[in-house]
Amino acid sequence: MTGLPATFVLRFVFDKDGGARRGRPSYSDEFLARAPLRLQAAASAFAAHYERLRDSRFPPAQSLITAFKHYRSFPNAPTLLFDEAFYLCCNLDGIWACQAKALQLAECRRCGSRHLQAYGSGATASCAFCNSRRCDDAADARHGAGRETPRSATALDTRLAALKLRQSLKHLGASDRIIDVLMSGMECVDPALRPPPPTQLVHWGLPLPLQRWGSYLNTVRRIQYSLVVNQYIALRDAGFTPEESVVAAFRHLETKFRNDSPLTLDRCVEVISLADARWGVHAAELERRGCEACAADYLFSRRDTSPQPCPFCLLMRYPSQYRGQRVAASAASDMATQSKAGFPVDRVA
């Protein structure tokens, strides 16, 4: 305002007792009104993306970051800083740095675009999108931050679908590393959002002891892993993708072992990777073997130096090992019957 150099202001205005505040100054309520039309249109486009994510029940922080990344993916869009985007989100929801809502999105009566305006104000006859068309840079404004184009809407839908998929896998208890493994092979995920495929086996915690598979794992755990792999193979052979098959197999069996030894999706992915040579595993380390006594298919490790007998037979012989449901020999026989080929599977939702 004064035209004085910044060094002069710092030297003669501030002293040791009252120094200049560090960081970017806080934005005032007039930030949006004083911004150029192109930046107002860009802020409205960002706010529309943010509101759509919030309506999909994503948390504010995740919605802010995702909407900002989506906005910055367009090279010709006007420069919108992250601090400015944060300020807009605060005023839209009345969170973080704001105690109450100060901005809202309204639909323009002329062009139908959703634009930012003061909270509680009525409909307007024009908006930043309409006015920007009258300026010399109207073409850039429409291309970069104008009304949401089909390409912009499709890109946001793709990013939103990937977020919903990641959130659904987290609800199943999967870790971030296992989620990246599963999403790396999903064709429904946009290639730009798809994690790179793993180059080696991905596991959470200590890896499974393949040399002591039969002696280290208890009987119930061996039955669980055998049922998961059998269910997975049945779904895969029915035409489902490997990622859909592993999720559906886990959902089907996870509820049946909650009281004794609960399953985890991370371990199920590791076991299926070793049995089907997928997701970073180049050669199968686990193999299915048919039991002649009970006709069940169970897993055994090719590296196991002291292989153990069929776990289904062991459970039928000693049913007290299964503490959760206290199943008897007849229930163990049902488990063996369900592990046979042709066991009916649930279709993936």
Side-chain angles (χ1 to χ4, degrees), residues 161-191 193-210 213 217 220-258 261-289 296-302 311 335 338-349:
L163 282 175
K164 288 183 177 180
L165 178 60
R166 182 175 290 273
Q167 195 174 50
S168 65
L169 293 175
K170 280 202 172 193
H171 287 165
L172 294 177
S175 60
D176 292 335
R177 296 175 62 186
I178 298 300
I179 293 176
D180 291 340
V181 169
L182 294 176
M183 294 185 63
S184 64
M186 293 183 176
E187 297 181 356
C188 60
V189 180
D190 187 82
L193 306 175
R194 194 181 304 164
T199 57
Q200 59 183 1
L201 176 65
V202 178
H203 55 84
W204 184 258
L206 296 176
L208 291 170
L210 298 179
W213 176 268
L217 299 178
V220 175
R221 189 65 75 186
R222 290 172 60 199
I223 289 178
Q224 290 176 339
Y225 293 156
S226 300
L227 291 174
V228 167
V229 172
N230 293 337
Q231 187 82 350
Y232 162 80
I233 293 178
L235 285 164
R236 187 202 61 187
D237 294 343
F240 295 98
T241 64
E243 293 77 18
E244 290 177 332
S245 301
V246 64
V247 173
F250 174 78
R251 284 177 173 172
H252 179 74
L253 296 171
E254 185 263 342
T255 58
K256 304 182 184 303
F257 294 96
R258 286 181 177 176
S261 300
L263 282 170
T264 61
L265 184 56
D266 292 358
R267 281 301 188 191
C268 291
V269 172
E270 180 182 357
V271 171
I272 292 174
S273 300
L274 294 169
D276 200 29
R278 291 187 181 273
W279 303 307
V281 179
H282 304 289
E285 299 287 349
L286 298 177
E287 185 177 347
R288 289 197 305 167
R289 175 179 295 175
D297 294 330
Y298 66 95
L299 284 178
F300 75 97
S301 174
R302 296 178 177 178
M335 288 187 182
Q338 292 178 355
S339 69
K340 297 178 182 178
F343 171 62
V345 298
D346 292 340
R347 190 168 184 84
V348 180

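Only this structure's heavy atoms are used, side chains among them; waters, hydrogens and symmetry mates stay out.
Proximity of a side-chain donor or acceptor of Asp266 to a complementary backbone N or O of Ile178 within less than 3.5 Å is not detected. Not one N or O on the side chain of Glu285 forms a donor-acceptor pair closer than 3.5 Å with the backbone of Leu210.
Remark: Asp176 pairs with Lys170 by the salt bridge (charged side-chain N to carboxylate O under 4.0 Å, His left out) rule, at least two apart or across chains. Applying the salt bridge (charged side-chain N to carboxylate O under 4.0 Å, His left out) criterion to Arg194, with sequence neighbours excluded, gives no partner residue. Listed by chain and number, the residues in a side-chain contact (heavy atoms from CB on, under 4.5 Å) with Val281 are Leu201, Ser273, Leu274 (sequence neighbours excluded). Under the side-chain contact (heavy atoms from CB on, under 4.5 Å) criterion, Ser168 pairs with Leu165, sequence neighbours left out. Listed by chain and residue number, Asp180 satisfy the salt bridge (charged side-chain N to carboxylate O under 4.0 Å, His left out) test with Arg166 (two or more places apart in sequence, or in another chain). Residues meeting the salt bridge (charged side-chain N to carboxylate O under 4.0 Å, His left out) test with Arg222, sequence neighbours left out: none.
Side-chain contact between Leu286 and Val229 is absent, with no heavy atoms from C-beta onward closer than 4.5 Å. The closest side-chain heavy-atom distance from Arg288 to Asn230 is below 4.5 Å. Under the 4.5 Å side-chain criterion, counting only non-hydrogen atoms from C-beta, Phe250 is in contact with Leu263. Considering only heavy atoms from C-beta on, Leu217 comes within 4.5 Å of Tyr225 through its side chain. Between Thr241 and Met186, the closest side-chain pair of non-hydrogen atoms is not below 4.5 Å. Inter-residue side-chain proximity for Arg267 and Arg221 is flagged as unmet; no heavy-atom pair is nearer than 4.5 Å. Under the 4.5 Å side-chain criterion, counting only non-hydrogen atoms from C-beta, Arg289 is not in contact with Asp297.
Smallest separation of non-hydrogen atoms from Pro196 and Ser184: O-CB, 3.8 Å. Pairing each heavy atom of Ala275 with each of Ala284, the nearest pair is O-CB, 3.8 Å. When all heavy atoms are compared, the tightest approach of Glu243 to Leu182 is CG-O, 3.2 Å. Nearest heavy-atom pair across Leu299 and Ser226 is N-OG, 3.0 Å.
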